[in-house]
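Predicted model, so just to flag it, every value in this text is computed and none were measured.
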Amino acid sequence: GTMRAYAAGHVESSNNKTFKVGDAVQGLFGAQTYAVSNGDRVVKIDTAIAPLQRWVGGLGMPGWTAYFGLLEVGQPKEGETVVVSGAAGAVGQTVGQVARIKGCRVVGIAGGKAKCDFVVNELKFDACIDYKAGNGQDGARAVRDGLKQHCPKGVDVYFDNVGGEILDTVLTRINRGARTIAPPNTSIRAWWPRQTPSTGMRPANASIMRIDTPASAGTPGPGEMHRCDGASDCACATVNWSLRWTSTSAPCTRKACTR
């Protein structure tokens, strides 16, 4: 079958009164040269504003995800620290640049020196953590060390493009009242650097959402959070799925919880 994908192109033939021959359009047409559509979820675009290819990038799904996810869900404020995983990707690089415009400190996470150099030198992030670095260290340790170095005041907004163990690690540095944006690609298993079934969020499906950390007295600060297995008798306050934090000064005592 045809690979599912957003695409942009021109109408070559039409029996739909909404679209005429020559119209520039954008839609979920798939990875193919020609597509047949009934017009559902097809949008006319204006190539006078930007060339056709921009409507599958910054003005397409990646741009929508980055713009609305960060600004409407993440709500970054000037001076806050924003961390972005998948920072060299289409969504991640847009998130970082918008966050910079908003006056935030922006730290990316990417795999490999070349990607991190691109993120810092070309996209002008303040820093980029290479989860593949560290003389044989696992990704979580490299990310943990990088967050300590580049996010000394903790993380205020986390835009999560990968999920898995990297998400688990960033959450240990999250601040009170922080916001986490988790687009749908957190459900793609192949993008998780390493599988650890006993920890973290593993949604079968996901959507753009907001996870607010509790702001009640006694809530652990950066580096003090812990996670649990989501058991109903665990003394933790539910935030989302299996992600939980203690809402009192007393830590959770279940063995499944880890500092």
Under the side-chain contact (heavy atoms from CB on, under 4.5 Å) rule, what do Ile174 and Tyr158 come out as? Steps first, then yes or no, please.
-> CA-CA 8 Å; Ile174 211 81; Tyr158 176 45; 4.2 Å; yes
In terms of heavy-atom contacts, does NZ of Lys44 have more than 12 from other residues, nucleotides or ligands at under 6.0 Å?
-> yes
What closest approach, in Å, do Gly108 and Phe125 show between heavy atoms, and which atom pair accounts for it?
-> N-CD2, 3.6 Å
hydrophobic_cluster_shared for Val73 and Val84, side chain cutoff 4.5 Å = yes
Check the pair Tyr67 / Glu72 against side-chain contact (heavy atoms from CB on, under 4.5 Å), numbers first and verdict last.
-> CA-CA 8 Å; Tyr67 185 88; Glu72 294 196 0; 5.9 Å; no
State the CG-CD distance between Leu123 and Gln97, to the nearest 0.5 angstrom.
-> 5.0 Å
Once you round to the nearest 0.5 Å, how far does CD1 of Ile101 lie from CD of Glu78?
-> 13.0 Å
Side chains of Leu28 and Arg4: closer than 4.5 Å at any heavy-atom pair?
-> yes
Among the clusters formed by ILVMFWY side chains lying less than 4.5 Å apart, do Ile49 and Ile45 turn up in the same one?
-> yes
Hydrophobic cluster identity match, Val56 and Trp64, side-chain contacts under 4.5 Å = no
Could you check if a side-chain atom of Leu71 sits within less than 4.5 angstrom of a side-chain atom of Lys102, using non-hydrogen atoms only?
-> yes
Return the minimal non-hydrogen interatomic distance between Phe29 and Ala7, and the atom names on each side.
-> CD1-O, 3.6 Å
Give a yes or no on this: more than 12 heavy atoms of other residues, nucleotides or ligands lie within 6.0 Å of atom CG of Asn15.
-> no
How long is the span from the CZ atom in Phe159 to the CD1 atom in Ile181, to the nearest 0.5 Å?
-> 6.0 Å
Nearest 0.5 Å please: distance from the SG atom of Cys116 over to the CD1 atom of Ile129.
-> 8.5 Å
In terms of heavy-atom contacts, does CZ of Phe118 have more than 12 from other residues, nucleotides or ligands at under 6.0 Å?
-> yes
May I ask you to test the Trp55-Val43 pair for a side-chain heavy-atom distance under 4.5 Å?
-> no
Residue pair Thr2 / Gln32: nearest heavy atoms and the distance that separates them | OG1-OE1, 3.7 Å
Say whether Phe68 and Val157 are linked into one hydrophobic cluster, either directly or through other cluster members, by side-chain heavy-atom distances under 4.5 angstrom.
-> yes
What one should report as the nearest heavy-atom pair of Ala127 and His150 is CB-ND1, 3.4 Å
Are Thr180 and Leu171 side-chain neighbours, meaning at least one heavy-atom pair lies under 4.5 Å?
-> yes
Start with the C-alpha gap between Arg100 and Arg105, add the side-chain angles, then the distance that decides, and say whether side-chain contact (heavy atoms from CB on, under 4.5 Å) holds.
-> CA-CA 7 Å; Arg100 286 282 290 164; Arg105 173 173 175 76; over 6 Å; no
If we ignore angles and hydrogens, is there a donor and acceptor under 3.5 Å between the side chains of Asn16 and Thr18?
-> yes
Spacing of CZ belonging to Phe19 relative to OG belonging to Ser13, to within rounding of 0.5 Å | 13.5 Å
Is there a donor-acceptor pair closer than 3.5 Å between any side-chain N or O of Asp160 and the backbone N or O of Leu167?
-> no
Under the 3.5 angstrom rule, does the side chain of Asp23 hit a backbone N or O of Lys20 as a donor-acceptor pair?
-> yes
Sidechain-backbone polar pair: Thr172 side chain, Asp168 backbone, donor-acceptor under 3.5 Å = no
What is the minimum heavy-atom distance between Ser37 and Asp40, and which atoms define it?
-> OG-N, 4.1 Å
d(Leu52 CG, Thr47 OG1) to nearest 0.5 Å is 7.0 Å
Please examine the side chains of Glu165 and Tyr131, heavy atoms only from C-beta on, and report whether any two atoms are closer than 4.5 Å.
-> no
Same cluster or not: are Val120 and Val143 linked, directly or through other Ile, Leu, Val, Met, Phe, Trp or Tyr residues, by side-chain heavy atoms under 4.5 angstrom apart?
-> no
Short question: side chain of Ser85, backbone of Asn161 - any donor-acceptor pair under 3.5 Å?
-> yes
Could you tell me whether the side chain of Gln26 and the main chain of Ala8 form a donor-acceptor pair under 3.5 Å?
-> no
Are the side chain of Asp130 and the backbone N or O of Gly112 linked by a donor-acceptor pair below 3.5 Å?
-> yes
Could you tell me whether Lys148 and Asp145 have a side-chain N and a carboxylate O separated by less than 4.0 Å?
-> no
side-chain contact (heavy atoms from CB on, under 4.5 Å) between Val83 and Ile109, intermediate numbers included = CA-CA 8 Å; Val83 173; Ile109 301 173; 3.8 Å; yes
SB check Glu80 Arg179 (cutoff 4.0 Å) = yes
Taking all atoms of both residues into account, what is the closest heavy-atom pair of Pro76 and Val82, and its distance?
-> CB-CG2, 4.3 Å
